[in-house]
Structure formats: C-alpha cells, structure tokens
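One structure is given below, encoded as structure tokens.
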Protein chains: 2
Amino acid sequence: MSEQKFCYKYPHPSVTADCVIFGFDGVSIKVLLIQRGIEPFKGKWAFPGGFMKMDETAEECAKRELDEETGLKNAAVEQFYTFSDVSRDPRERVITVAHYALVRLSEIKGGDDAASARWFAMDEVPGLAFDHDRILRMAVNRLKERICFEPIGFELLPEVFTMTELQNLYEAILEVKFDRRNFYNKMLKLGILSEAEPRPSGASRRTPTKYRFNAEKYTEMKQKGFRLEF
Amino acid sequence: MSEQKFCYKYPHPSVTADCVIFGFDGVSIKVLLIQRGIEPFKGKWAFPGGFMKMDETAEECAKRELDEETGLKNAAVEQFYTFSDVSRDPRERVITVAHYALVRLSEIKGGDDAASARWFAMDEVPGLAFDHDRILRMAVNRLKERICFEPIGFELLPEVFTMTELQNLYEAILEVKFDRRNFYNKMLKLGILSEAEPRPSGASRRTPTKYRFNAEKYTEMKQKGFRLEF
DNA sequence: GACAATTGCGTAAATATAACGCAATTTGTT
DNA sequence: AACAAATTGCGTTATATTTACGCAATTGTC
C-alpha cells in the first residue's frame, strides 16, 4: 500500500474534470474519445479528463488533461454540468466537472500522446465508461441550445467556408433541414459573415462564395442582444 | 487539534453546495441570505450551503443545507455552475456547486433554524462572503435566460394570480417594461394559463381575472418545442 | 449533349410583433 | 357628491419577420 499522507477531519470526494470535444467533418458531428488503458472500465471508451490538482481551477484542469491525453492545446472549453452521483465511479467517491469544446478536426493530429484517441460519429459512439453516456447526452443538448444563440458553430469549420458547409453544420447539430435560400438570407442578414475573397469577377455561378466569420461584428451585435434563431 | 482520520494518497479539495434562492414580493425580486456566525467572513451575508456528505449528490446536499439553515424544504433547486477558483475560500481548497431555486415568499416563515435568514431586494444586497457576489451575478443571468424559455416564473407567484402580477414579475426579472395589452395577448395565446375561477358573472371591469398555471398544457407544448419570448 | 445538382438572387403569402384606441368601472381626492 | 386618475378587458392597425417557393446560370456526370 502506498502512503496515505493527505489527511482530513471529514471525508473528501475526489474531483475530476472531463471534456466532451465536438468536431465536424463536413457531414456529421463527431466526439473525441480515448480508450481507457487501466481499470476500471479498461478497454472502454471515455472522455479525456482526470483529477484536479490543488492549484488549478476545473477549467484549467480540463485543458491540461485534454492536452496530456490528446495533444489538443488551449481548447476553449466551457463547463456545463457537474456530475455527482454517489456511485458514478466504482473505486471511490468522484465528482466530475464536465466541460465541452468545439474544435476543428484539423487541430488534432493523430500520433502524440493520443495513440488511443479517436473521433466517433455521434451514431457510432459505443457504450462509454462510468456515466459518460449521460454526460454525452447532456453535452449534446447543451450544444444544441447554445448554437441557436451564439455562433459557436464557426469554431467547428475551417476559417474559410461556404454557406452550404455552414448550413450542413447547423443541420447536423440540430438534426433538422432548412430551406437553403432562407438559411442563406438569414445568415447574411445577421451581418456576422464577411466574404473571404473578393469573389473572382470571372464569376461562374457554380463556384460558391467563400465566407469568413466576422468576430468584430459579432461582438457588436451581442451587446445589442441578438438571437441566432432557427 | 482534532483527529485527521480520512487520509488519501493525493490531496482532495472540499466540496460544498450553495443555494441562490429567489423570491418575489409582488414588486421586486429578492434573494435569501444567511448571516455567517463563524469565521471566515463572520457577520457577512452569504448563501445557504455547506459541505457535501459522501452519500449524497450535490443537489441533495443543496436541499439538505437549505432546509437546515432556512427551514425551506424540498425546493426545486437546479445546479447552474461550479466555482473552483483556487483561493475562493481562505481556509482550504473548496469548490462549490452552485444551485438556484425559485420559491414563493409564503413558503419560508421566519423563526426556525432560520433566525439569521433574511430576504434582500436585489438592489439592497450587501457585499457577500467568499465569491458569492460573483455567484449571485451568474445566478441572476441564468434566471433571466431561463425565464424566457420556461415558465419558471410561476414558481414565484401564488397559485392564483392576476395577469398584472405576472407581468410585474417578468418586468422585475428582465428589467424591462412591456405593453400591458401585448403581454396579455401573448401569455394567453401560449395557452398555459387557465382561469382560476369562472369569473363572477356580476362582471365588474375593475376586478381582475385570476389565473392559474396549467402544467398539463405546458408539458404538451414543451414537447412541440416552444419559446416564451419577449 | 442531355440531365441532375448547385448556387445566387428574388418575391409573395402567412405569421408574428409592436404600437396604440377606447369604454366600463373602480379608487382616490377634495 | 363630484371629478380626476388608474385599472382592466378587448380590440385594431401598421410594421417586421418568417416561410414557401420560382427561376436562371453554371457545372459535373453519364
């Protein structure tokens, strides 16, 4: 037995931070999972995450663990719920502060520490370790809510994208279909898109306009209070 | 020194659950605070809350502490954020799972254990203990968001209420003014209100219609996905 | 070359929102 | 008692917004 040198008058739970990382490949939404190498749930897939240190916040912990386990650095993680069921970890009492983040698939390269990290399409996600199935459901709901009010979707696309790509993303997340022309109009009217390149005058209808997310205008609009409704 | 009998290989933070309790007196939104009797922050006001036991979830802890400290039982608390700043408690590392709930003022009677519990109007709240000022700001934001999508406001009113009372509540929470007639139409069109009494045929214009929240219709509507927008 | 698919740009109809009128009554004032 | 101010119920109208499509110019496919 190893030393048990941190002692308290009352029992304390362990605290972890986990990360639900969403990506988008142009067709469907994906989540990043790692395969557990140790018990419990050895061999099962789970979200990147781990124990919080005493000198870091939950968010810092989530980012550190994410980097350590997948090589993904400085993701814009956001806390969404704390899971505290008494028996969610068979070893001991562990509560976890769950986070989520949206990343471009290109940002995470294989290799690295991330030998066991893999993207799964939402409908291919296997049964997960611990209560991570529940965590995933809640993360997906939060993502759906959030994308209607903030243009977080842009974090999932390449810097430059077409309107069709943007629509595909929204349709994938919200699991609905939009009329192409109405979607087009609505997004343009919001004013948070800029044309990426001046569109070659040689026109050609079929070559789609490339857009880029305009963060300045977004900040402007947000203060006035706007909604990205669908 | 007391015994330190719970020992771990790695340091563990303490975990608490706190409750931001909102009430409404017909004019303004209030929060329930308790005055601290011990250090740190002795004499300062803070949210009800306390240390989590090993056999209860964060939510159960929040409810138990709320009952113990204010006599308020079975409030429908809902978790909204976990605060984990490293130095938020001067004694030791403490992370807190913050909850909020809406209660009818009538539900909480003075006396009890709650000698030191008091309602404060939002603009009378003093500087709070720990990082509770920040917690309050976030709770208020969450309340504003939420009331636009779910009729949680009804939890703050008596069972039977007039349209004017309902409007006052919305205006107090959102800090805006609505046109009385438009508010009236919008709420009625939602279909989640029922007339409480068949309105005495003796009419009399000035006596307002009493309504009651219709939970059945609400559940119905929620599945179709609706929005209480303003 | 025929044909389906994609893109840009509109337009008309259906809905929803916002602004406000008005009469019946009750409350408050003097 | 007389009168002004406030409250409630029930409308209406003007203005936006949302939704449902039309259509032509390409481009890619077979």
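Here is how names work: the chains are called A, B, and so on, in the same order as the sequence lines, proteins then strands, and each is numbered from 1.
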Interatomic distance where [atom1] belongs to [X] and [atom2] belongs to [N] [whole Å]:
X         : N       : atom1 : atom2 : answer
Phe183(A) : dC9(C)  : CZ    : C1'   : 17 Å
Asn182(B) : dT12(D) : CG    : C1'   : 12 Å
Asn168(A) : dT7(C)  : CG    : C1'   : 14 Å
Arg180(A) : dG22(D) : CZ    : P     : 13 Å
Asn185(A) : dC9(C)  : CG    : P     : 10 Å
Gln167(B) : dT7(D)  : CD    : C1'   : 12 Å
Lys177(B) : dT17(C) : NZ    : C1'   : 20 Å
Asp179(A) : dT6(C)  : CG    : C1'   : 14 Å

Which atom pair, heavy atoms only, marks the closest approach of Gly23(B) to Trp119(B)?
N-CZ3, 3.5 Å

Do Glu56(A) and Arg64(A) meet the salt-bridge criterion of a basic N to acidic O distance under 4.0 Å?
yes

Relative to Phe120(B), does Arg118(B) satisfy both conditions: NZ or CZ under 6.0 angstrom from the six-membered ring centre, and within 45 degrees of the ring's axis?
yes

Phosphate-side-chain proximity, [X] and [N], N/O vs OP1/OP2 below 4.0 Å:
X         : N       : value
Thr209(A) : dG8(C)  : yes
Tyr184(B) : dC10(D) : yes
Thr164(A) : dT7(C)  : yes

Of all the nucleotides listed (dC23(D), dT17(C), dT18(D)), which has the minimum atom distance to the side chain of Lys189(A)?
dT18(D)

Choose from dC9(C), dC20(C), dT19(D) the nucleotide whose nearest atom is closest to any side-chain atom of Lys186(A).
dT19(D)

Tyr218(A) and Glu150(A): CA distance, side-chain angles, deciding distance, side chain to side chain donor-acceptor pair (under 3.5 Å) verdict:
CA-CA 9 Å; Tyr218(A) 168 60; Glu150(A) 297 193 39; 3.3 Å; yes

